[in-house]
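A short worksheet on the structure shown next.
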Amino acid sequence: MSTPKTRSDWENLAVSLAINGKAFINGEYRDASSGNTFDCISPIDGRLLAPVASCDLMDANIAVANAREVFDSGVWSKAAPVKRKQVMIRFAELLEENANELALLETLDMGKPIRFSKAVDVAGAARAIRWSGEAIDKLYDELAPTAHNEIGMITREPVGVVAAIVPWNFPLLMACWKLGPALVTGNSVILKPSEKSPLTAIRIAELAVQAGIPKGVLNVLPGYGHTVGKALALHMDVDTLVFTGSTKIAKQLMIYAGESNMKRVWLEAGGKSPNIVFNDAPDLKAAAVAAAEAIGFNQGEVCTAGSRLLVESGVKDELVGLIAEELASWQPGHPLEPTTVSGAVVDKQQLDTILSYIKAGQNEGASLVYGGQQVLAETGGVYVQPTVFSNVKNQMKIASEEIFGPVLSVIEFNGMEEAIAIANDTIYGLAAGVWTADISKAHKTAKALRSGMVWINHYDGGDMTAPFGGYKQSGNGRDKSLHSFDKYTEIKATWIVL
Ligand code: NAD
């Protein structure tokens, strides 16, 4: 399928796009039981995209009951792994075959550049589904090392009904990081997309059925967190809750699980990741390119954004200058323009949050050295310049709290010990970058970092083979890789005396 070449090609496609805002339960699109809807607004220009079903407790009850019934029927949960593999691979193909439409929905819905919606989000979502599909018929269970007259079987079984609550920054990709391992291991899933970006989740539900996933195995309930999200988290018949989103809501979900049925809770939460550049970084220009991308990509709305740049004094001024040069190419533009690399932020509320942090940085005495302004307001959309603060102290609000926007805090240090101390002085522990030509220093720093992912002499590397997730208040468990299957399976020990 060819990619539209110009902004007007994409705009023409948008005109003919039929946007579906319904919930998907038991293989059918339907309105919320209450009949309520909320408006899905594009941050590109403020236009109304569609009314979307605003699901609540009633819909959660219906979807969970259906999901349980289909799970118990065994039509999917007991299907041979090779069968589930074939269906998942077909599902991945259908995502690819519909990539233009899915990319367009994603861009219209949350404002990211169309080039990345297609090449990163949709392509990554298809890869995640395919990777899980390909893995499932190559995994063996275990036999324990028993005495001669005994057999100890250690088997994995699907957990049952999984509720997956996902955020708006990579709506389709985060959903598919969950759906891949959740579905392929035989579970029934209820996906709750963010109220800020529900459209791709709604669309892929029918693609899943088209691929051969039995009706009722994948349900999608759009709606608010405090209504349908909370209902799922408190539900007595949801076995596992998987979540990607903020640390604040992640903590709340642990409370809900404790207040209800002690469902398993797996959390991918926030970050404030340090990107550490030592004086002996092998290529300062490459470090600058990566640092700019680490805060500019996806408008800084990335859990692993390199939002704290820790720079050793000897290279600080040169590096900050190089980053400012790089950020010139990360200016916001129209998201449907194929050359645009930075689009709109997700909504006015998020823009206001970002601007309030920029103000806080100025009030706390950090030096604003680049950006800092809202732009393109005349479009009716919400856009902000990439922004750099220098002379930041790690205790400042802009350095200690997750902003989720393109705001970089530059913090100076001297020596490896100080770098590690500053890097770890955070409630988060998601990711970190380390730039040095000294292999010993690279390893020592990587080992000392309390962080789920460490990237040496680059930023944000990895593929489906690498586990993704964090230490401390960045969450628990991992997405991607075979480790992600742990969230969706129970381990059973069957002991036989012969
Ligand atoms: P959020 O926590 O506000 O919302 C996430 C989801 O939770 C949404 O679907 C929302 O409707 C739902 N929700 C909100 N309140 C709820 C409640 N009381 N009960 C149940 N569900 C509820 O996060 P967001 O603003 O959508 O996303 C941004 C956050 O996601 C950032 O903190 C970012 O770091 C994090 N994130 C983490 C990762 C990761 O893998 N660690 C990846 C992407 C995003």
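When a ligand or atom number is given, it counts from 1 through the structure's own listing order. Hydrogens, waters and symmetry mates play no part in the numbers below; they use all other heavy atoms, side chains included.
- Ligand 1 has an N or O atom lying under 3.5 Å from an N or O atom of K192, backbone or side chain.
- Distances below 4.0 Å separate heavy atoms of T244 from the following atoms of ligand 1: 5 (C), 36 (N), 37 (C), 38 (C), 39 (C), 40 (O), 42 (C), 43 (C), 44 (C).
- At least one N or O atom of E195 sits closer than 3.5 Å to an N or O atom of ligand 1.
- Between the side chains of T489 and R156, at least one donor N or O lies within less than 3.5 Å of an accepting N or O.
- Proximity to V166 (heavy-atom distance under 4.0 Å) selects the following atoms of ligand 1: 6 (C), 8 (C), 9 (O).
- Inclusion of W177 in the set of residues having an N or O under 3.5 Å from an N or O of ligand 1 is not warranted.
- At a cut-off of 3.5 Å, with distance as the only test, no side-chain donor of K397 or S400 sits close to an acceptor on the other residue.
- Proximity to Y256 (heavy-atom distance under 4.0 Å) selects the following atoms of ligand 1: 18 (N), 19 (N).
- Using a non-hydrogen distance threshold of 4.0 Å, L253 registers as a contact of ligand 1.
- The closest approach between any non-hydrogen atom of F243 and ligand 1 is below 4.0 Å.
- In this structure the side chain of W10 reaches within 4.5 angstrom of the side chain of N100, judged on heavy atoms.
- Annotation for ligand 1: atoms under 4.0 Å from non-hydrogen atoms of G229 are 19 (N), 20 (C), 21 (N).
- Ligand 1 places these atoms under 4.0 Å from at least one heavy atom of F468: 39 (C), 40 (O).
- Under a 4.0 Å criterion applied to the non-hydrogen atoms of E402, ligand 1 contributes the atoms 31 (C), 32 (O), 33 (C), 34 (O).
- Ligand 1 places these atoms under 4.0 Å from at least one heavy atom of N169: 43 (C), 44 (C).
- Under the 6.0 Å cut-off for aromatic ring centres, W168 and F404 qualify, their centroids lying closer than that.
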Please list every donor-acceptor pair under 3.5 Å in which a side-chain atom of residues 37-44 meets a protein atom from a residue at least two apart or in another chain.
unit_1 : atom_1 : unit_2 : atom_2 : d
S42    : OG     : I44    : N      : 3.2
S42    : OG     : L108   : O      : 2.7

